[in-house]
Amino acid sequence: MRRWGPGAGGGAGIMFNDITTLLLRPGVFKDAVDLFVERYRGMRIDAVAGIEARGFIFGPAIALAIGAKFIPLRKPRKLPGEVISEKYVLEYGTDCLEMHVGAIERPGERVLIIDDLVATGGTLCAAIRLLERAEADVVECACLIGLPKFKDFYKLNGKPVYVLVESRESDK
C-alpha cells in the first residue's frame with residue numbers, strides 16, 4: 001500500500017493510503033478477502049454494508065462468501081429510488097451517506113460495515129447511525145487499514161472495529 005498527500009489529489013496536510021498495489025496482486029487481494037471471510041463466516045451476518053467507494057471492492061466478495069446480501073452506502077444522489085441519509089463531519093469538510101429505504105428488511109438484521117480505511121472514524125460512525133436508524137444490528141466495522149492515531153479506540157458508537165493492517169507512521 002502506498003501513501004500520498006498534497007499535490008497528488010489530497011487536501012493540504014492530509015495523507016491518503018492507496019490500496020491499488022494490493023488490488024494489482026490477485027493473490028494478495030484474495031488473501032485479504034479470505035481473512036475477512038474467515039473472521040465473519042459463522043457469525044450469522046445477514047448483510048455486508050460497503051461504504052463508497054472502496055468498501056464496494058471488498059464488501060460484495062465478503063458478502064457472497066458468507067451468504068449475506070450486500071448493501072451499498074453511497075454518496076448523495078447516486079442511488080435510484082427512495083433513500084435515507086446521514087450527514088457527517090470529516091477532517092476536511094462535511095459529507096453524507098445514503099442507503100436505499102428497505103435495504104434492511106426486518107428489525108435486528110445483523111450487519112457488518114466494511115471500508116478500506118479508518119482514520120478518525122467519522123464515516124464509519126455515520127454508517128452505523130444510518131443502519132441503526134433502519135433498525136439494523138451493527139455487529140462490527142471492518143477495515144483493511146487502520147491508522148496508528150486511531151489505535152487506542154477501536155470502538156465507534158460502542159461497536160468494535162476490526163483492522164486487518166495497521167499503517168505505519170514512518171510510511172510518510
*Asks:* For Glu132 and Lys159, run side-chain contact (heavy atoms from CB on, under 4.5 Å): C-alpha distance rounded to whole Å, both residues' side-chain angles, the deciding distance at 0.1 Å, then the answer.
*Replies:* CA-CA 11 Å; Glu132 286 181 340; Lys159 303 298 177 183; 3.1 Å; yes
*Asks:* Output the distance between atom CZ (Arg129) and atom CG (Leu156), rounded to the nearest 0.5 Å.
*Replies:* 10.5 Å
*Asks:* Cluster question for you: counting only ILVMFWY and a side-chain heavy-atom cut-off of under 4.5 Å, with indirect links fine, are Val83 and Tyr88 together?
*Replies:* no
*Asks:* Give the cluster check for Leu144 versus Val37: same hydrophobic cluster or not, with ILVMFWY residues linked at side-chain heavy-atom distances below 4.5 Å.
*Replies:* yes
*Asks:* Closest approach of Cys96 and Pro76, non-hydrogen atoms and distance?
*Replies:* O-CD, 3.4 Å
*Asks:* State, with a plain yes or no, whether a side-chain heavy atom of Glu98 is found less than 4.5 Å away from one of Leu73.
*Replies:* no
*Asks:* I'd like to know if the side chain of Arg110 reaches the main chain of Val139, judged simply by a donor and an acceptor atom lying under 3.5 Å from each other, with no hydrogens or angles considered.
*Replies:* no
*Asks:* Please examine the side chains of Leu117 and Ile19, heavy atoms only from C-beta on, and report whether any two atoms are closer than 4.5 Å.
*Replies:* no
*Asks:* How long is the gap from CD1 on Ile66 to CZ on Arg39, to the nearest 0.5 Å?
*Replies:* 12.0 Å
*Asks:* Check the surroundings of atom CZ in Arg77: do more than 12 heavy atoms from other residues, nucleotides or ligands lie under 6.0 Å from it?
*Replies:* no
*Asks:* How long is the gap from CG on Leu131 to CE on Met99, to the nearest 0.5 Å?
*Replies:* 5.0 Å
*Asks:* Closest heavy-atom contact between Asp18 and Thr20?
*Replies:* OD1-OG1, 2.6 Å
*Asks:* Any side-chain heavy atom of Arg133 sitting closer than 4.5 Å to one from Glu86?
*Replies:* yes
*Asks:* Quick one: CG on Leu130 to NZ on Lys87, what's the gap to the nearest 0.5 Å?
*Replies:* 13.0 Å
*Asks:* Is there a chain of hydrophobic side chains (I, L, V, M, F, W, Y, each step under 4.5 Å between heavy atoms) that links Val33 to Leu22?
*Replies:* yes
*Asks:* Starting at CZ of Arg41, measure out to CD1 of Ile62 and round the result to the nearest 0.5 Å.
*Replies:* 11.5 Å
*Asks:* If you define the side chain from C-beta out and look only at heavy atoms, does anything of Phe56 sit under 4.5 Å from Pro72?
*Replies:* yes
*Asks:* Is it true that Val101 and Leu79 fall in one hydrophobic cluster, defined by side-chain heavy atoms closer than 4.5 Å?
*Replies:* no
*Asks:* Closest heavy-atom contact between Asp116 and Arg54?
*Replies:* OD2-NE, 2.8 Å
*Asks:* How far apart are the C-alpha atoms of Leu112 and Phe36, what are their side-chain angles, what is the distance that settles it, and do they pass the side-chain contact (heavy atoms from CB on, under 4.5 Å) test?
*Replies:* CA-CA 11 Å; Leu112 165 68; Phe36 284 124; over 6 Å; no
*Asks:* Any idea which heavy atoms bring Ala47 and Ile71 closest together, and the distance?
*Replies:* CB-CD1, 3.7 Å
*Asks:* Given the rule in the side-chain contact (heavy atoms from CB on, under 4.5 Å) test, do Cys141 and Val118 qualify, once you have shown the distances and angles that lead to the verdict?
*Replies:* CA-CA 9 Å; Cys141 298; Val118 59; over 6 Å; no
*Asks:* Identify whether Leu64 and Ile114 are in the same connected component of the hydrophobic contact network (ILVMFWY, side-chain heavy atoms under 4.5 Å).
*Replies:* no
*Asks:* Evaluate salt bridge (Lys or Arg N to Asp or Glu O under 4.0 Å) for Lys69 paired with Glu105, printing each intermediate quantity in order.
*Replies:* CA-CA 11 Å; Lys69 64 183 171 182; Glu105 298 170 291; 3.0 Å; yes
*Asks:* Would you say the ring centroid of Phe70 lies under 6.0 angstrom from that of Phe58?
*Replies:* no
*Asks:* Just so I know, are the side chains of Val48 and Val111 near enough to count as touching, which here means a heavy-atom distance under 4.5 Å?
*Replies:* no
*Asks:* Work out which heavy atom in Val163 is nearest to a heavy atom in Gly146; give both atom names and the distance.
*Replies:* CG1-N, 3.2 Å
*Asks:* To the nearest 0.5 Å, what is the distance between NZ on Lys75 and CD on Glu52?
*Replies:* 6.5 Å
*Asks:* Determine the sole option in Leu124, Ile113, Leu164 for which the side-chain contact (heavy atoms from CB on, under 4.5 Å) test with Cys143 is passed.
*Replies:* Leu124
